[in-house]
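Please read the structure below before turning to the comments.
Chain A is the first sequence line, chain B the second, and so forth, proteins listed ahead of strands; every chain is numbered from 1. Values reported hereafter were calculated over all heavy atoms of this structure, with side chains retained and with hydrogens, waters and symmetry mates removed.
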Amino acid sequence: MKYKAIKGVKDILPGETEKWYFIEKHARDIFETFGFSEIRIPIIEKTALFARGIGETTDIVEKEMYSFEDKGGESITLRPEGTASVVRAYIEHGLYNNHSLTKLYYMGPMFRHERPQAGRYRQFYQIGAEIFGEESPSIDADIITMLMYLFKRLGLNNIELQLNSLGCERCRPVFRERLLDFLKKRLPVLCEDCNRRFERNPLRVMDCKSKGCSEVMKDSPDMDGSRCEECQRHIDGVIEYLLIAGIRYTLNPRLARGLDYYTRTTFEITDKGLGAQNAIAGGGRYDSLVEDFGGPRISAIGFAIGMERLVSLIDMGEKFIPGSSPEVYIAALGEEANQKAFDILRQIRLRGIRSEMSYSDQRFVPKKSLKSQMKKAGRYGVSYTLIIGDNELRNGKVILRDMKKAEQEEIDIEDIVEALVKRIG
RNA sequence: GUGAGCGUAGCUCAAUUGGCAGAGCACUGGACUGUGGCUCCGGUGGUUGAGGGUUCAAUCCCCUUCGCUCACCCCA
């Protein structure tokens with residue numbers, strides 16, 4: 001084959017797209033009920049935006065971005081996530097001047113150059129939501145509630161919400177020092193990866209899955225003993241409101257997240273039905289990012305859902321049967337009949353009836369037997385087939401066949417459009 | 001970036017110690033000159049991912065390469 005889709009990207013074909021539409025529709029419905037509006041952000045941004053927002057030393061920025069130089073010599077990057085762009089747009093358009101609270105959602109493709117595997121692609125789709133302008137714990141609980149409600153509506157049963165608070169710019173550095181101190185003494189017994197993490201992202205050592213490390217880390221300090229009073233009160237508040245909402249959660253003081261901008265609340269939703277990449281959504285609070293980007297001191301929280309992972313969990317039930325299969329098929333015998341068929345097809349389509357014909361004009365294509373045309377009608381699963389034959393045409397008639405009842409009748413050709421509309425429309 | 005597994009028809013998969021590349025589905029024609037679904041019969045469709053080696057003979061064994069998949073890492 002001459003051309004193939006490149007590694008890590010894929011086509012979403014009919015049969016799948018219905019599921020995507022179903023999910024997107026429910027997301028829009030629910031988000032708008034919760035007061036969110038859609039924002040459409042560019043797929044490309046200046047590289048510096050992501051480098052600054054996501055963090056210079058994160059894997060995403062260090063080795064996973066699709067970056068290139070444009071004609072003006074500027075470094076441009078295909079977005080690896082959505083939050084940085086939304087924050088940029090929020091500041092650029094001064095959205096904080098219009099309302100004290102701004103709720104935005106977005107959906108679309110993201111790009112990261114990673115080795116593909118189950119649930120991980122180089123072009124992948126996210127649905128994300130962000131709230132700006134409120135630091136009350138109830139807003140954290142609110143956005144998590146919305147997310148859980150969406151998953152429930154989509155019929156997910158095996159999901160788990162994991163919750164943590166990473167502290168703020170005051171108490172996190174203190175914790176970090178305590179952790180580094182603890183790790184430094186134990187480097188020889190930690191795995192190779194964790195020795196690397198020690199240098200680059202020590203918080204990640206906390207959730208290393210290797211046996212030796214997780215054994216050692218049992219005694220490590222975690223966020224639970226390290227938060228400042230305000231941060232502890234904040235996470236307690238989030239929990240309080242989650243209880244009111246009846247949302248089940250698991251506190252995981254070792255839950256670290258890979259993006260530098262998170263402060264205080266972080267959360268992740270996992271599903272047992274997925275492979276190694278078992279997170280279908282993740283998010284958290286980022287109270288300093290707006291300011292870091294040159295905006296006012298405004299706190300914010302958001303999440304992103306991995307579409308491919310979500311799609312793989314959605315049951316292909318009856319509600320996903322494609323809506324585009326035709327209801328009427330027109331079989332024609334001969335050139336004149338084909339022209340009549342073409343005209344009737346046009347008319348009933350204008351009346352909103354999904355329909356197909358056999359396109360059997362004998363001047364250009366080999367004669368198609370009525371049998372083969374009927375077979376095609378059966379394959380399409382239509383309710384009615386219109387048979388236009390030479391004999392009937394001479395008398396100004398066509399045959400309307402009810403496929404389910406296997407009965408048919410002759411109808412005047414002038415009346416056929418209305419007859420079909422009456423039966424189907 | 002590291003490791004493992006797999007590449008045969010459009011799709012899902014067979015092929016005995018190495019011995020003429022097959023089946024189901026799909027598509028198409030017929031049995032039934034102008035009537036679908038069920039049944040039966042026929043047909044189209046292949047550089048066995050590619051290149052090299054061993055052999056009388058390679059889908060099968062060896063080497064190289066490309067692709068896919070899964071896992072590590074990391075993340076949605």
**Request:** Examine B:G37: is either OP1 or OP2 under 4.0 Å from a nitrogen or oxygen in the side chain of A:Lys375? Give yes or no.
**Result:** no

**Message:** For B:G34, does the base pair up with any side-chain atom of A:Asn391 as donor and acceptor (N or O, under 3.5 Å, distance only)?
**Reply:** yes

**Request:** Mark yes or no for a side-chain to base donor-acceptor pair under 3.5 Å between A:Arg120 and B:C74, with no hydrogen or angle criteria applied.
**Result:** yes

**Enclosure of A:Tyr359 OH (heavy-atom neighbours >12, cutoff 6.0 Å)** = yes

**Message:** Using 30° and 60° as the class boundaries, would you call the ring planes of A:Phe31 and A:Tyr105 parallel, tilted or perpendicular?
**Reply:** perpendicular

**Base-pairing string, 5' to 3', of RNA chain B - Watson-Crick or wobble, under 3.5 Å, | interstrand** = (((((((..((((.....[..)))).(((((.......))))).....(((((..]....))))))))))))....

**Asked** Within less than 4.0 Å of OP1 or OP2 of B:C74, is there a side-chain N or O belonging to A:Arg197?
**Response** yes

**A:Arg186 to A:Phe182 six-membered ring, cation-pi geometry met (6.0 Å, 45°)** = yes

**Asked** Quick one: is B:G36 close enough that its OP1 or OP2 comes under 4.0 Å of any side-chain N or O from A:Lys371?
**Response** yes

**Asked** Between B:G36, B:C75, B:U28, which one does the side chain of A:Met403 approach most closely?
**Response** B:G36

**Message:** Counting the atoms with a prime plus P, OP1 and OP2 as sugar-phosphate, which does A:Ala281 contact under 4.0 Å by heavy atoms, base, sugar-phosphate, or nothing?
**Reply:** sugar-phosphate

**Prompt:** Which part of the nucleic acid does A:Gly119 contact within heavy-atom distance under 4.0 Å: base, sugar-phosphate only, or nothing?
**Reply:** base

**Residue closer to the 5' end of RNA chain B, A:Gly282 versus A:Asp390 (nearest nucleotide)** = A:Asp390

**Request:** Quick one: sort the A:Phe132 and A:Tyr90 rings into parallel, tilted or perpendicular, breaks at 30° and 60°.
**Result:** parallel

**Asked** Phosphate oxygens OP1/OP2 of B:C72: is one of them under 4.0 Å from a side-chain N or O of A:Gln117?
**Response** yes

**Message:** Would you say that more than 12 heavy atoms from the other residues, nucleotides or ligands in this model lie under 6.0 Å from the CD1 of A:Ile239, or not?
**Reply:** yes

**Request:** Please determine if A:Glu169 and A:Arg172 form a salt bridge, counting it only when a charged side-chain N lies under 4.0 Å from a carboxylate O.
**Result:** no

**Message:** Does A:Tyr121 reach a base, just sugar-phosphate, or nothing at all? Heavy atoms under 4.0 Å.
**Reply:** base

**Message:** Does A:Gln373 reach a base, just sugar-phosphate, or nothing at all? Heavy atoms under 4.0 Å.
**Reply:** nothing

**Asked** For A:Glu392, which contact category applies under a 4.0 Å heavy-atom criterion: base, sugar-phosphate, or nothing?
**Response** base

**Prompt:** Does a nitrogen or oxygen in the side chain of A:Arg379 sit under 4.0 Å from OP1 or OP2 of B:C27?
**Reply:** yes

**Prompt:** In residues 34-65 of chain A, which residues come under 4.0 Å of RNA chain B by heavy atom?
**Reply:** A:Asp59, A:Glu64

